[in-house]
Amino acid sequence: MEEKTAVLIVGAGPAGLATAACLTQLSIPYVIVEREDCSASLWRNRAYDRLKLHLAKEFCELPYMSYPAEAPTYIPKVQFIRYLDDYIERFNIRPKYHTDVKSCTYDLDNQCWFTLVHDMATSVVVRYTSRFLVVASGENSAENIPKIPGFNDFAGEAIHSSRYKSGSAYSRKNVLVVGCGNSGMEIAYDLASHGANTTIVVRSPVHVVTKEIIRCGMTLVQHMPMKTVDDLLVRMSNSVFGDLSRHGIVRPELGPLLLKAKTGRSAVIDVGTIGLIKKGTIKVVGSISKIKGNIVEFEGRKASTFDAIVFATGYNSTANTWLKQDGESMLNDDGLPKKEFPNHWKGGNGLYCAGLAKRGLAGIATDARNISNDILSSWHS
């Protein structure tokens with residue numbers, strides 16, 4: 001079975017939806033395919049209950065649609081999903097769900113992309129022919145769990161953060177959280193709040209800020225040099241949290257905004273975790289050396305017994321498993337853009353990527369606009 005379209009979008013998360021909306025505004029036909037049975041499956045099915053957008057709503061809007069005026073500054077998960085549903089309806093986006101992309105190849109002779117997909121509902125294989133291809137399958141496609149000696153023999157429960165919902169099931173249990181990003185820190189807080197004996201692994205330097213501090217920084221950086229704003233943010237954070245190195249948390253050398261710009265690593269927005277660490281309610285440990293049964297050994301030969309481990313260790317892109325790139329490729333071995341921001345979104349031969357630059361929802365909105373405008377210029381030519 002064969003179908004033709006001007007643009008094929010792979011992925012119906014926020015990046016795919018934003019790109020579809022921008023193309024709709026420019027009257028460019030497209031098809032959007034999604035492997036899961038819903039849009040934004042990460043938010044609907046793999047996000048913990050207490051999650052809110054970590055940034056203020058003005059930095060988290062998709063193109064052409066603001067949040068309702070009465071929406072809170074920091075949008076809860078349920079309200080963000082409702083926003084996405086309203087977005088889909090406003091722009092009449094109709095993803096083809098249960099559609100698994102098997103391969104995408106560029107035909108130089110015909111100057112088009114051939115994409116083979118498997119309709120999981122009917123078991124029919126469809127070949128799409130498109131002039132343009134947008135990779136919007138996300139940075140967070142596959143769970144990332146580090147290799148640890150003895151992990152397969154761990155006697156307790158081990159889950160990725162994508163399967164974590166609430167700490168209510170872990171009351172009075174000894175739980176280890178691996179990963180000190182926003183998810184890891186918030187999950188540790190949630191566990192401790194539900195009565196779990198909580199320990200968190202902090203392996204790397206990390207900035208800790210309040211939501212008000214980062215909102216201030218993101219506003220100021222539009223009018224001031226990033227280095228100046230970073231210096232201010234660090235001073236503000238130090239005044240709020242003090243020296244956290246005594247608690248096992250060290251700041252990176254780069255400021256929070258510059259670190260995000262260069263590496264994609266975000267500052268941790270504290271939800272109360274630091275206070276519990278200072279009280280000793282949440283313990284901080286270093287890297288894991290090995291696991292034996294239900295005993296976890298850390299660097300320095302410290303060891304503790306745990307009933308459960310939650311790996312808040314992020315995700316991997318899977319785009320390279322189906323995107324066959326000849327010649328100069330757009331993506332690196334990790335399935336992320338080779339080019340640095342802000343030139344990351346465009347490859348060759350009508351190939352684009354949206355939402356792979358670790359720039360959050362604001363970056364997704366920028367990518368979608370850039371891609372649709374670039375397609376428009378080629379579409380008319």
Check the pair Ile269, Leu55 against side chain to side chain contact (heavy atoms under 4.5 Å, CB included), reporting the backbone distance first and the verdict last. CA-CA 9 Å; Ile269 299 173; Leu55 301 179; 4.0 Å; yes
Which is it for Tyr170 and Glu157 under the side chain to side chain donor-acceptor pair (under 3.5 Å) test, yes or no, and what are the steps along the way? CA-CA 11 Å; Tyr170 299 94; Glu157 177 190 7; 3.2 Å; yes
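- Residues Ile75 and Cys60 have side chains not in contact (no heavy-atom distance under 4.5 Å, counting atoms from C-beta outward).
- To the nearest 0.5 Å, atom NZ of residue Lys346 and atom CG of residue Asp374 are 3.5 Å apart.
- For the atom pair CD (Glu2) and CZ (Arg127), the distance works out to 4.0 Å, reported to the nearest 0.5 Å.
- The residues Asp231 and Lys227 are annotated as salt-bridged, a charged nitrogen and a carboxylate oxygen being separated by less than 4.0 angstrom.
- Under 4.0 Å is where a charged nitrogen must lie from a carboxylate oxygen, and between Arg50 and Glu186 at least one such pair does.
- Relative ring orientation between Trp345 and Tyr352 is described as parallel, the plane-to-plane angle staying below 30° on a 0-90° scale split at 30° and 60°.
- For CD of Gln222, the number of neighbouring non-hydrogen atoms (other residues, nucleotides, ligands) closer than 6.0 Å is greater than 12.
- By the 4.0 Å N-to-carboxylate-O rule, Asp37 lies too far from Arg44 to be salt-bridged with it.
- Checked options Phe80, Phe59, Tyr74; the residue passing with Leu53 is Phe80 (criterion: side chain to side chain contact (heavy atoms under 4.5 Å, CB included)).
- Environment of NZ in Lys292: sparse, with no more than 12 heavy atoms of neighbouring residues, nucleotides or ligands closer than 6.0 Å.
- Around atom NZ of Lys96, no more than 12 heavy atoms belonging to other residues, nucleotides or ligands sit under 6.0 Å away.
- Residue Lys278 places its NZ atom among more than 12 non-hydrogen atoms of other residues, nucleotides or ligands, all under 6.0 Å distant.
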Per-pair distances, 0.1 Å, donor-acceptor, side chain in residues 15-28, under 3.5 Å, sequence neighbours excluded:
from: Thr19; atom 1: OG1; to: Ala15; atom 2: O; distance (Å): 2.9
from: Thr24; atom 1: OG1; to: Ala20; atom 2: O; distance (Å): 2.9

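- The CZ atom of Phe114 sits 9.5 Å away from the OG atom of Ser130 when rounded to the nearest 0.5 Å.
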